[in-house]
Amino acid sequence: MEISNAKLAKILRNTAAAYTIKGTGNLFQIRAYENAADNIEHSTAEIQDFWQEGKLNQVSGLGESLRGYLDELFSKGEVRHFEEVKKGIPKIFFDLLDIPGVGPKTADKIAKMGVSSVEQLKKQLKDGELVKMGLSDKLAQKILQGLQEVSQRGNRMLLPYAFAQAEKILNYLQKCPDVLQVHPLGSLRRMVATIGDLDFSASSNSPKKVTEHFCRMPGIARIIDQGENQATVVLKNGLQADLLVGKTDAYGALLQHFTGSKSHNIKLRILANGKGYSLSEFGVKKVSRGQVTGYSQKTETEEEFYRLLGMDAPPPEIREDTGEIEAALEHKLPDLVELYDIKGDLHLHSNFPIKSPSHAPGVDSMEDMVKKAKELGYRWVGISDHPLGFTTSTPKEMIKWVQMRTKFIQNMQSRTKSIRVLNGLEIDILGNGTLSVPDEALATLDYCIAGIHSGHRGSKDEITKRLLSALNSPHVDIISHPTNRLLNERDSSDALWDEVFKLAAKNKKLLEINSHPMRLDLRDDLVRMAKKYGVKFIINTDAHMVSQMDNMLFGVSVARRGWAESKDIVNTWDWTDFAKWFNIKS
DNA sequence: GCCGTTTTCGGCCCGACTGTTTTCAGTCG
């Protein structure tokens, strides 16, 4: 039996929730289950593969007991101990846990009111029946809102996960001697934040051999469909993968057609009709009054395909029919930012002790993060720890800690010649719009990142007020992950973005494009909108460990989808211009 | 149940927000 990471995480969470409401098991044991679930959920590799290779001990958060349980789960499909813990709890309890805002206690309360399905819950909430039975009005509203969010949430995977799986398949395809070129297709090629299926194309003069090669790929659970030019398979991890193989003379048309987007292609076909062409995945035909008058033109590449229509080829990331076709016709496509333009990363969390080592959110040392930055070829790097646990401290304590940390960084810089190390913090924009760190401490930093980390479901006005307030602080340089969305988990916060962008541009504050797989925030559409106001951006990884510093590519993709060029992204600039923007003395 | 430059015991993040429980519980990150 195949068990996906998501399913595995859910099994562990369910067990933890069962412990919680039964009152058996201590709090830390429950937390251990949840911690393991978190790690599994965020792994880009399949945990079941680790198990098969006897490498479960490489997964952090899995100790002897949990490894034993997982072993039982993967080999027998069930864990006796887990079933024991969940005994006597109705199924609805576990379904309710999937609703945002509903935890074990609330789910238990609702289950005990006799609700037996999510559908019934929806109905009884709307009828006010549950409120009559003692559920508070506000809670009822909150659950309804949560249900709404769930229904709008698709079952799509995050781009970086899809990207990692796709790379393996692309590498495998390239090994086939009959393959000339391979590409990802669809939303994957356009680098959309979430991906449905994995689609690929290949060019070859012997298509049948390529589809046969594809269907022999390791990790296939079953073949749904295998034709001469096309094959669809389901992988053991539950993903569906499609392959289309085309001959070289029309490969550009095939690639273009299946890259989409749908709206881009529709617009293109209308345009082509006006010019006497008919477009399809098989090529370009000459038509007159609906009659085909000419045979297919050669379209070996996408460039040739677009050239036949008198236009440049837009980069895949912006093929969404939002003006790229017009720009391509006028030969005025943007010169989009590239990964290799990036010269530094300013949003990194280290394990630098905050009050005590266990408070630090990051897992790796500043030294290791700086080392990685050098390997990436960066010219500068900034450490921006969260001063957690200081809210209840005196400003004096906080200032002392900042001074201590500053000395530590200065000391490190004095031993490091080849890269500039900058001293920053990521602080909270509190509910009332004030900052979580006193100005006196902020004034000593090279830069300050401010972000909303609580109360994301506030009203449009509240969120806007908080953002505007931070943008008016003389010490804030960057607003981190401005919409605070978590893909597949939490929607973007609402704000009057025009107001936010106007003020950001006026006060010369940067908006972050956060590369974290679950964030990809600022969203691409808002990047485009902000750019029109003259806002500048910084692409950061928000890495909490060294390996996450490789996520920069995904932030760059968001920027590209938002039509950003290197002049819009300050961390592509030369050090002189960059330092000038931040008012840092070189 | 996990984990280890406080390593085989004894710790384990904690602050913000929400709702309603005037002092705290549940949820989230």
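First the proteins, then the strands, lettered A, B, ... as listed; each starts at 1. Remember, it's a predicted structure, so these values are computed and weren't measured experimentally.
In summary, the side chains of A/Glu512 and A/His347 do present a donor paired with an acceptor at a separation below 3.5 Å, with no hydrogens or angles considered.
If A/Leu135 and A/Gly101 are placed on DNA chain B by their nearest nucleotide, the residue sitting closer to the 5' end is A/Leu135. Annotation: of the two residues near DNA chain B, A/Arg466 and A/Asp137, the 5′-most nearest-nucleotide partner is A/Arg466.
The side chain of A/Ser65 lies closest to B/dC2 when the candidates are B/dC17, B/dC2, B/dC12. Comparing B/dG26, B/dC12, B/dC2 against the side chain of A/Phe28 picks out B/dC12 as the nearest.
If you measure from atom CZ of A/Arg31 to atom C1' of B/dG11, you get 11 Å, rounded to the nearest angstrom. One interatomic measurement links the two molecules: CG of A/Leu139 to P of B/dC24, which rounds to 21 Å at whole-angstrom precision. For the pair A/Lys138 NZ and B/dC17 P, the interatomic distance rounds to 16 Å; values are reported in whole Å. Computed from coordinates, the A/Glu34 CD to B/dG29 P distance equals 12 Å when rounded to whole Å. Separating the NE2 atom of A/His349 from the P atom of B/dG29 is a distance of 15 Å, rounded to the nearest angstrom. Rounding to whole angstrom units, CG of residue A/Leu27 and P of B/dC13 are separated by 10 Å. Rounded to a whole Å, the NZ atom of A/Lys109 is 10 Å from the C1' atom of B/dG26. Atoms NZ (A/Lys142) and P (B/dT27) sit 8 Å apart, rounded to a whole Å.
Note that NZ of A/Lys87 is 12.0 Å distant from CD1 of A/Ile89, once rounded to the nearest 0.5 Å. Within the model, atoms CG of A/Leu467 and CG of A/Leu503 stand 10.0 Å from one another, a figure rounded to the nearest 0.5 Å.
OP1 and OP2 of B/dG1 both lie 4.0 Å or more from every side-chain N or O belonging to A/Arg67. The shortest distance between the side-chain N/O atoms of A/Ser436 and the OP1/OP2 oxygens of B/dG15 is not below 4.0 Å. In this model, the phosphate group of B/dG1 is approached by a side-chain N or O of A/Tyr69 to a distance below 4.0 Å at OP1 or OP2. Distances shown here put a side-chain N or O of A/Thr106 below 4.0 Å from the OP1 or OP2 atom of B/dT27.
Between the C1' atoms of B/dG4 and B/dG15, the separation comes to 27 Å (whole Å). Spacing of C1' atoms, B/dC14 relative to B/dC9, comes out at 24 Å, to the nearest Å. Here, B/dT6 and B/dC12 have their P atoms 14 Å apart, quoted to the whole Å.
Pair assignment for B/dT8: none, as no Watson-Crick or G-U wobble contacts are both less than 3.5 Å.
Using a 4.0 Å cut-off between charged side-chain N and carboxylate O, A/Lys55 and A/Glu53 make a salt bridge. Taking the charged nitrogens against the carboxylate oxygens, A/Asp38 and A/Arg13 do have a contact shorter than 4.0 Å, which makes a salt bridge.
Residue contacts for A/Asn35: at a heavy-atom cut-off of 4.0 Å it reaches no nucleic acid atom on any strand shown. Within the 4.0 angstrom heavy-atom criterion, only backbone atoms of the sugar-phosphate kind lie near A/Leu486; the bases stay farther away. A/Ile30 comes within 4.0 angstrom of nothing in the nucleic acid, heavy atoms only.
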Check: residues 104-113 of chain A side-chain donor-acceptor pairs under 3.5 Å, at least two apart:
| residue | atom | partner | partner atom | Å |
| --- | --- | --- | --- | --- |
| A/Asp108 | OD1 | A/Lys112 | NZ | 3.4 |
| A/Asp108 | OD2 | A/Lys112 | NZ | 2.9 |

